[in-house]
Amino acid sequence: MALLITDECINCGACEPECPNTAIYEGGALWSLNGQTHEPIVNDYFYIVPDKCTECVGFYNEPQCMAVCPVDCIIKDPQHIESHDELLAKKEKLDLLER
Ligand code: SF4
Ligand code: SF4
């Protein structure tokens with residue numbers, strides 16, 4: 001499962017530098033993967049790109065963004081349910097690309 005930032009986000013920016021997959025972007029910012037840029041997913045607050053979030057599997061024992069968020073507005077995304085093995089495979093696929 002990827003994680004999701006809710007609209008309770010206060011735009012503090014604490015989570016973005018903690019993500020080992022560079023899956024977190026400021027609202028309105030273009031996101032990128034393997035040299036290709038894409039339109040923002042959310043405009044008003046920070047967002048997580050589901051294709052880039054591995055729930056920190058392969059790097060850490062717990063999601064780093066959740067650990068630092070001061071308002072606990074990062075949740076599991078019910079639209080993107082993945083097993084541990086699927087998350088690890090996603091991480092290994094990302095390793096071959098330019099995050
Ligand atoms: Fe990035 Fe990990 Fe948070 Fe996913 S759970 S957005 S990989 S810090
Ligand atoms: Fe928003 Fe939480 Fe990230 Fe701060 S740490 S930008 S409140 S999601």
Side-chain angles (χ1 to χ4, degrees):
M1 207 176 308
L3 300 191
L4 174 75
I5 296 174
T6 73
D7 62 5
E8 289 171 24
C9 169
I10 58 170
N11 289 314
C12 75
C15 53
E16 184 185 359
E18 301 302 324
C19 180
N21 287 311
T22 67
I24 303 175
Y25 292 83
E26 189 169 2
L30 296 172
W31 66 273
S32 64
L33 180 60
N34 213 26
Q36 292 198 316
T37 53
H38 304 268
E39 291 299 309
I41 295 174
V42 176
N43 284 313
D44 301 330
Y45 48 90
F46 280 70
Y47 66 92
I48 293 171
V49 177
D51 285 348
K52 298 180 75 175
C53 175
T54 65
E55 291 189 43
C56 286
V57 167
F59 293 100
Y60 303 105
N61 290 331
E62 62 173 1
Q64 299 299 287
C65 54
M66 273 179 145
V68 299
C69 180
V71 294
D72 294 332
C73 68
I74 305 177
I75 61 171
K76 296 211 173 209
D77 183 351
Q79 303 297 321
H80 294 96
I81 296 173
E82 293 159 290
S83 68
H84 185 276
D85 285 351
E86 287 171 328
L87 290 166
L88 194 55
K90 188 197 280 190
K91 188 262 183 193
E92 288 168 356
K93 190 172 151 195
L94 287 168
D95 285 345
L96 304 174
L97 304 175
E98 185 190 330
R99 286 181 171 83

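Both ligands and their constituent atoms are indexed starting at 1 by order of listing. Side chains are part of it too, since the values below use all heavy atoms of this structure and drop only hydrogens, waters and symmetry mates.
- How far CZ of Phe59 is from CD of Gln64: 10.5 Å, rounded to the nearest 0.5 Å.
- With ligand atoms numbered from 1 in the order given, ligand 1 contributes 7 (S) to contacts under 4.0 Å with heavy atoms of Thr54.
- Between Glu82 and Leu87 the shortest heavy-atom distance is OE1-CD2, 3.6 Å.
- We find the CG-NZ distance between Asp85 and Lys90 to be 13.5 Å, quoted to the nearest 0.5 Å.
- Cys9 is not listed as a side-chain neighbour of Val71, based on a closest heavy-atom distance of 4.5 Å or more.
- Proximity annotation for atom 7 (S) of ligand 1: of Leu94, Leu3, Asn21, Asn21 comes nearest, heavy atoms only.
- Enclosure of atom CG in Asn11 by more than 12 non-hydrogen atoms of other residues, nucleotides or ligands within 6.0 angstrom is indicated.
- With rounding to the nearest 0.5 Å, the separation of OG1 in Thr37 from CG in Leu30 is 5.5 Å.
- Of all heavy-atom pairs between Glu86 and Ile81, the closest is OE1-O, 4.3 Å.
- Near Cys19, meaning under 4.0 Å from one of its heavy atoms, ligand 1 places the atoms 1 (Fe), 6 (S), 7 (S), 8 (S).
- Tyr25 and Ile75 sit in two unconnected hydrophobic clusters of ILVMFWY residues. Membership requires side-chain heavy atoms under 4.5 Å apart, directly or through other members.
- Within ligand 2, the atoms closer than 4.0 Å to a non-hydrogen atom of Val71 are 7 (S), numbered from 1 in the order shown.
- Within ligand 2, the atoms closer than 4.0 Å to a non-hydrogen atom of Pro70 are 5 (S), numbered from 1 in the order shown.
- Of all protein heavy atoms, the one lying nearest to atom 4 (Fe) of ligand 1 is Cys53 SG, 2.3 Å.
- Of all the atoms in ligand 1, the ones that sit under 4.0 Å from a non-hydrogen atom of Cys56 are 2 (Fe), 5 (S), 7 (S), 8 (S).
- Protein N/O/S atoms found under 2.8 Å from atom 3 (Fe) of ligand 2, listed by chain and residue number: Cys15 SG.
- For the pair Val49 and Thr22, the minimum side-chain heavy-atom distance is 4.5 Å or more.
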